[in-house]
Amino acid sequence: MTDRFADKLLTWYDQHGRHDLPWHHDRNAYRVWVSEIMLQQTQVATVIPYFEAFMARFPTVHDLAGAPVDDVLSHWSGLGYYARARNLHKAAKQVVEEFGGKFPQDPEALESLTGIGRSTAAAIVAQAFGKRAAILDGNVKRVLARYHAVPGWPGQTAVLKRLWEHAEAHTPEERVTDYTQAIMDLGATVCTRSRPDCEACPVKSGCQAHARGETALYPGSRPKKAKPEKTTWMVILEDSDGRILLERRPPSGIWGGLWSLPELDPAFGPEELSEACEQQLGMNCGDPELISGFRHTFSHYHLHIQPVRLPVTGNTTVSDSDRLCWLHRDEALALGLPAPIRSLLTEPEQAALL
DNA sequence: GAGCCGTGGAC
DNA sequence: TGTCCAAGGCT
């Protein structure tokens, strides 16, 4: 049912919305899907160049399904949340094998694809197929929490449930594609997290938070928790030809599946690194040289990265070529390394300041 | 339900 | 400089 909220929003959208984002061109389910996955927990400006490059390399779901996963991961390098890339690749195969290369149009079937949950399924249904489906991303949560003065942190199930109910109630039958884009645009450009521009808001008159002068109270903030501190060694092994030893990380965990510098257990002391290196990497090394370390903050913990150079004294033959490889710096960077490791190899002074 | 998974922008 | 968190989903 179309209510006044949707009408006002659509009128505003016609004049002030974002109508020319890359995934709005040549719109199809594949392009919408890839954009939605990239946009999870990631801002539009960050996604745009990745989306363009990804589409140039993988124009169709068949191109993606047939590509090596390493190729997909290297195009994801720097975007973060690399499980998204592995799931995207897996889901592309699912679309080809289980759905004949055509995306299903109902949310339930879409949610059977790896990496697509309730919100992303709804976004694809509305954006690609023009069918009615309510979305609830970070922007919509903020808009609705303020409009209805919904207290509490949206991470709580009860709060989330109320927001979904409001989202469903406001979603119109007509112009669903524009409406979903409109409410996200309002959240991104007007109803922003800090200092919202309420005077420019088309639904100001009905907004309970604005009426109370309490927009800053909504949505409620996440409970604070201390981040644990962790430490690790990052090994820079360089042979006489200037090649660096890289190690593929395990499929799960931080930077899962990415190539990176070999990591040694922090339980090893500096004098034990040569021996650890021989055990773990099969390389004979001389005395370690410590480089200035730096701290990198993740969502859930702080990681002290301590780089260490270890001169290779023996031969540089690798025993496990699927896990280990020697590459020059530019070749390594083309693989797609984790961002802090990339900075460490390109600008060691900058990395130390992180 | 709660923890985990990245990076960069905004403040 | 540190904190928060953004077009969430999986385990």
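Per chain, numbering begins at 1; letters A, B, ... match sequence-line order.
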Pick the P atom in B:dA2 and in C:dA7, then give their distance to the nearest Å. 24 Å
Of A:Ser194 and A:Leu258, the one whose closest nucleotide on DNA chain B sits nearer the 5' end is A:Leu258
Please give, in whole Å, the distance from C:dG2 P to A:His304 NE2? 10 Å
Using the side-chain heavy atoms of A:His300, tell me which of these nucleotides is nearest: B:dG8, B:dG6, B:dC4. B:dC4
Euclidean distance for P, C:dG9 against B:dG8 (whole angstrom): 23 Å
Have a look at A:Val44 and say if it touches a base, only the backbone sugar-phosphate, or nothing, with a 4.0 Å heavy-atom cut-off. base
Would you say B:dT7 has OP1 or OP2 under 4.0 Å from some side-chain N or O of A:Tyr82? yes
Would you call A:Arg329-A:Glu238 a salt bridge at under 4.0 Å N-O? yes
Side-chain contact check for A:Arg142: nearest option of C:dA6, C:dG8, B:dT7 is C:dA6
Does A:Gln41 put a side-chain nitrogen or oxygen below 4.0 Å from OP1 or OP2 of C:dG8? yes
Assign A:Ile135 to base, sugar-phosphate, or nothing according to its heavy-atom contacts below 4.0 angstrom with the strands shown. nothing
For C:dC5 and B:dG3, measure between their P atoms and round to the nearest Å. 16 Å
Measure the distance from CZ on A:Arg86 to P on B:dG6 and round it to the nearest whole Å. 7 Å
Contact class for A:Ala339 vs. all strands (heavy atom < 4.0 Å): base, sugar-phosphate, or nothing? sugar-phosphate
So if I take every side-chain heavy atom of A:Thr157 and compare against B:dG1, B:dT7, C:dG8, which nucleotide ends up nearest? B:dG1
Measure from CG on A:Leu163 to P on C:dG8 and round the result to the nearest Å. 14 Å
Rounded off to whole Å, could you give me the CZ-to-C1' distance for the A:Phe298 and B:dC4 pair? 12 Å
Distance in angstrom units between A:Glu229 CD and C:dG2 C1', rounded: 12 Å
Between P on B:dC5 and CG on A:Leu79, what's the gap in Å once rounded to a whole number? 18 Å
Identify which nucleotide among C:dC5, B:dG8, C:dC4 has an atom closest to any side-chain atom of A:Arg342, counting heavy atoms from C-beta outward. B:dG8
With no angle test and no hydrogens, is the base of C:dG2 tied to the side chain of A:Thr297 by a donor-acceptor pair under 3.5 Å? no
Short N-O contact, A:Lys131 and A:Asp106, less than 4.0 angstrom: no
What is the nucleic acid contact for A:Ile124, judged by heavy atoms within less than 4.0 Å: base, sugar-phosphate only, or nothing? nothing
Please list, pair by pair, any protein nitrogen or oxygen found under 3.5 Å from a nitrogen or oxygen in nucleotides 9-11 of chain C.
unit_1, atom_1, unit_2, atom_2, d
C:dG9, OP1, A:Gly117, N, 2.8
C:dG9, OP1, A:Gly117, O, 3.4
C:dG9, OP1, A:Thr120, N, 3.0
C:dG9, OP1, A:Thr120, OG1, 2.6
C:dC10, OP1, A:Gly115, N, 2.8

Under the rule for side chain to side chain contact (heavy atoms under 4.5 Å, CB included), what residues qualify as partners of A:Glu331, not counting sequence neighbours? A:Leu327, A:His328
Kindly say if A:Lys225 contacts the phosphate of B:dG3, meaning a side-chain N or O under 4.0 Å from OP1 or OP2. yes
Point-to-point distance, once rounded to the nearest 0.5 Å, from CD of A:Gln40 to OG of A:Ser35: 10.0 Å
Test: A:Arg142 and A:Asp137 ion pair at under 4.0 Å: no
Mind checking if A:Gly78 touches a base, just sugar-phosphate, or nothing, with heavy atoms under 4.0 Å? sugar-phosphate
Any base atoms under 4.0 Å from A:Arg193, or only sugar-phosphate, or nothing? Heavy atoms, all strands. base
So A:Trp153, base contact, sugar-phosphate only, or nothing? Heavy-atom distance under 4.0 Å. nothing
Determine, for A:Trp164 and A:Arg118, whether the Lys NZ or Arg CZ falls below 6.0 Å from the six-membered ring centre while staying within 45 degrees of the axis. yes
Heavy atoms under 4.0 Å, any strand shown: does A:Gly155 hit a base, just sugar-phosphate, or nothing? nothing
Keeping A:Asp71 on the side-chain end and A:Ala67 on the backbone end, is there a donor-acceptor pair under 3.5 Å? no
If you measure from the C1' atom in C:dA6 to the same atom in B:dG1, how many Å do you get, rounded? 23 Å
Considering only B:dG6, B:dT7, C:dA7, which nucleotide approaches the side chain of A:Pro338 most closely? B:dT7
Whole angstrom value for the distance that separates P of C:dT1 from CZ of A:Phe294: 16 Å
Six-ring centre of A:Tyr301, A:Lys230 cation under 6.0 angstrom, axis tolerance 45°: yes
Report which part of the nucleic acid A:Gln156 touches: base, sugar-phosphate, or nothing (heavy-atom distance under 4.0 Å, all strands). nothing
Say whether, by atom type as modelled, one donor and one acceptor occur between the side chain of A:Thr177 and the main chain of A:Ala126 under 3.5 angstrom. yes
A:Tyr50 OH to B:dT7 P, straight-line distance once rounded to whole Å: 9 Å
For A:Lys93, is there an ion pair with A:Glu98 - N to carboxylate O distance below 4.0 angstrom? no
Could you tell me whether the phosphate oxygens of B:dT7, OP1 or OP2, come under 4.0 Å of any side-chain nitrogen or oxygen in A:Trp255? yes
